[in-house]
Amino acid sequence: MTMPLLQVQHLHMEFKTSRGTLRALNDVTFDVQPGEIFGIVGETGCGKTVTGLSILGLLPQSATITQGRILFDGNDLLKYSSKEMRKVRGAQIAMIFQDPTTSLNPVFTLGKQLSWVIREHFGISEKEARLRISQMFESVGLPDVERIMRSYPHQLSGGMQQRVMIALALACQPKLLIADEPTTSLDVTIQAQILALLKELCNRFGISIILITHNLGVIAKTCDRLAVLYAGRVVESGPTRDVFKNPQHPYTNGLMRAIPKPSRHGERMEVIPGTVPLNSGDVVGCAFAPRCKFTMERCRQETPTLEAVGYDHYAACFLREENRVG
């Protein structure tokens, strides 16, 4: 296997709040290979978005990374200064945020917004920047490029706004693209188009993509490998096909059973009882134990660690030896 483009190693992160310290990430570890689409999946509050923001150094002042390393091309981003990180963002690592309507500035035309980004990183003229923008708009399937460059965000549909966001993210030809729930606000047809576009761009430009989502169906159609997060901790990771075929953690299995399927027409949809803990730092033992039907006494006292359950397939569960998951 080639050298990973990104390696997140034993990352711990916490927030300072008026009620004390809130642990958001617990020993998060995964890597992303060059040219692959890597999925991060889990319920709301599991740490998906803050993982992406940690990579880009966009955490709020109340957040502190207390342990770990984030290696990008072999360099630890956590040791970079603010000035050095500004050169990384956009040019080497870019991010597509969940809602394009709140990410695009409503008072400037789209051409003007993208021009600023490109000129900041490349130091080129306005004319050269607009030519690059035109090429990127065409590459993401936006018609009538000149009209769109003169348009304001509110004048475009949600799907077109998201394509503009993808064009903006790719404008500086980054090596890594982080897509945080890029299809949540879109209808099903447009969702499929955006996901197909991401796969096409990955193949065409050879970039790596981290796809953050709560939707396992999206992961199954799009990602080469994935990590399942629960309460700020990776509970299972591996090749998408292997994880879906043979889930080795009860949480992963529960997420899959909750996916609506036509074959279950008329049946009650399965759900995972309970909720994600508000502060994983307060949890003793396995954070999923209160919601797990396989819980043993050991689960309430010890925290399981990721161990190999197959080739490049890892799970953090005390049941793995008994083969009772699933």
Practice prompt. Tell me whether Leu131 is reachable from Val117 by hopping between hydrophobic residues (I, L, V, M, F, W, Y) whose side-chain heavy atoms are closer than 4.5 Å.
Written response: no
Would you tabulate the side-chain donor-acceptor contacts of residues 55-74 under 3.5 Å, counting partners in other chains and residues two or more places apart, or write 'none'?
unit_1 : atom_1 : unit_2 : atom_2 : d
Arg69  : NE     : Gln9   : OE1    : 3.0
Arg69  : NH2    : Gln9   : OE1    : 2.8
Asp73  : OD2    : Lys175 : NZ     : 2.5

Worksheet item: Just wondering, do Met296 and Leu319 contact through their side chains at under 4.5 Å, heavy atoms?
Response: yes
Worksheet item: With a 4.5 Å limit on heavy-atom distance, are the side chains of Leu306 and Asp27 in contact?
Response: no
Practice prompt. Please name the pair of heavy atoms, one in Ala169 and one in Leu177, separated by the smallest distance, quoted to 0.1 Å.
Written response: CB-CD1, 3.4 Å
Worksheet item: With a 4.5 Å heavy-atom cut-off, do Phe97 and Leu53 have their side chains touching?
Response: yes
Worksheet item: For the hydrophobic clusters of this structure (ILVMFWY residues joined by side-chain heavy atoms under 4.5 Å, transitively), does one cluster hold both Met136 and Phe108?
Response: no
Worksheet item: Can you name the closest pair of heavy atoms from Pro143 and Met160 and give their distance?
Response: CD-CE, 4.4 Å
Practice prompt. Step by step, work out the side chain to side chain contact (heavy atoms under 4.5 Å, CB included) result for Thr189 and Gln193.
Written response: CA-CA 7 Å; Thr189 302; Gln193 292 177 5; 3.9 Å; yes
Worksheet item: With side chains defined as the heavy atoms from C-beta onward, is the minimum distance between Val284 and Arg300 less than 4.5 Å?
Response: no
Fill in: Set of side-chain hydrogen bond (donor to acceptor under 3.5 Å, both in side chains) partners for Arg23, sequence neighbours left out
Asn26
Item to complete: Scan for side chain to side chain donor-acceptor pair (under 3.5 Å) pairs involving residues 139-151, sequence neighbours excluded, and state none if there are none.
Response: Asp144-Arg147
Worksheet item: Any ring-ring contact (aromatic ring centres under 6.0 Å, His included) pairs touching residues 19-52, not counting sequence neighbours?
Response: Phe30-Phe38
Fill in: Candidate pair Tyr314 and Val234, rule side chain to side chain contact (heavy atoms under 4.5 Å, CB included), full reasoning
CA-CA 9 Å; Tyr314 301 87; Val234 177; over 6 Å; no
Discussion item. So, using side-chain hydrogen bond (donor to acceptor under 3.5 Å, both in side chains) as the criterion, who are the partners of Gln113 when residues are at least two apart?
Written reply: none
Worksheet item: Below 4.5 Å, heavy atoms only, C-beta onward: do Ile272 and Leu255 meet side chain to side chain?
Response: yes
Fill in: Residue pair Pro182 / Leu211, side-chain heavy-atom distance below 4.5 Å
yes
Response to the item:
All heavy atoms of Lys87 vs all of Gln92, minimum pair found to be O-NE2, 4.4 Å
Worksheet item: Taking only residues at least two apart or on different chains, which pairs with a member in residues 233-242 satisfy salt bridge (charged side-chain N to carboxylate O under 4.0 Å, His left out)?
Response: none
Practice prompt. Drop me the distance from Met256's CE to Lys245's NZ, to the nearest 0.5 angstrom.
Written response: 13.0 Å
Item to complete: Indicate yes or no for a side-chain donor-acceptor contact from Lys48 to the backbone of His214 under 3.5 Å, with no hydrogens or angles considered.
Response: no
Fill in: Verdict with supporting geometry, Glu302 and Phe318, side chain to side chain contact (heavy atoms under 4.5 Å, CB included)
CA-CA 9 Å; Glu302 302 175 38; Phe318 294 129; 3.7 Å; yes
Worksheet item: Hey, is CG on Leu278 packed in by over 12 heavy atoms from elsewhere, all under 6.0 Å?
Response: no
Worksheet item: Is the backbone of Ala220 close enough, under 3.5 Å, to the side chain of Thr240 for a donor and an acceptor to pair up by distance?
Response: no
Worksheet item: Is there a side-chain contact between Arg86 and Glu120 (heavy atoms, below 4.5 Å)?
Response: no
Fill in: Heavy-atom pair of closest approach, residues Asp312 and Pro239
O-CD, 3.4 Å
Name every donor-acceptor pair, under 3.5 Å, that has one atom in a side chain of residues 200-207 and the other anywhere in the protein, sequence neighbours excluded.
unit_1 : atom_1 : unit_2 : atom_2 : d
Glu200 : OE2    : Arg204 : NH2    : 2.3
Asn203 : ND2    : Lys199 : O      : 3.2

Practice prompt. Hey, could you give me the CG/CZ distance between Leu77 and Arg89, rounded to the nearest 0.5 Å?
Written response: 10.0 Å
Discussion item. My understanding is that only residues two or more places apart in sequence, or in another chain, count here; which of them pass salt bridge (Lys or Arg N to Asp or Glu O under 4.0 Å) with Arg291?
Written reply: Glu43
Discussion item. Can you tell me how far apart CD1 (Ile210) and CD1 (Ile40) are? Round to the nearest 0.5 Å.
Written reply: 5.0 Å
Fill in: Partner residues of Tyr152 under the ring-ring contact (aromatic ring centres under 6.0 Å, His included) criterion, sequence neighbours left out
none
Discussion item. Measuring from atom NE2 of His313 to atom CZ of Arg225, what distance do you get when rounded to the nearest 0.5 angstrom?
Written reply: 12.0 Å
Response to the item:
Across all chains, not counting sequence neighbours, the side-chain contact (heavy atoms from CB on, under 4.5 Å) partners of Asn75 are Tyr80
Fill in: Note, Glu126 side chain near Ser115 side chain (heavy atom, < 4.5 Å)
yes
Response to the item:
Here the ring-ring contact (aromatic ring centres under 6.0 Å, His included) pairs for residues 225-247, sequence neighbours left out, are Tyr230-Tyr251, Tyr230-Phe288
Discussion item. Count I, L, V, M, F, W, Y as connected when their side-chain heavy atoms are under 4.5 Å apart, and connections chain through other members. Are Ile124 and Met149 then in the same cluster?
Written reply: yes
Worksheet item: Under a 4.5 Å side-chain heavy-atom rule over Ile, Leu, Val, Met, Phe, Trp and Tyr, are Leu110 and Leu170 clustered together?
Response: yes
Worksheet item: So Ile96 and Leu198, side chain to side chain contact (heavy atoms under 4.5 Å, CB included) or not? Walk me through it.
Response: CA-CA 11 Å; Ile96 304 170; Leu198 288 175; 4.2 Å; yes
Worksheet, complete the sentence: Closest heavy-atom pair, Ile219 versus Gly39, reported as atoms and distance to 0.1 Å, is CD1-CA, 3.6 Å
Worksheet, complete the sentence: On a heavy-atom basis, the closest approach of Ser237 and Val243 is C-CG2, 4.2 Å
Discussion item. Just verifying a value: how many Å separate Ile93 CD1 and Leu6 CG, rounded to the nearest 0.5 Å?
Written reply: 6.5 Å
Worksheet item: Has the side chain of His12 got a donor or acceptor atom that lies under 3.5 Å from a matching backbone atom of His10?
Response: yes
Practice prompt. Identify, with sequence neighbours excluded, every residue that meets side-chain contact (heavy atoms from CB on, under 4.5 Å) alongside Ser208.
Written response: Leu5, Val32, Leu176
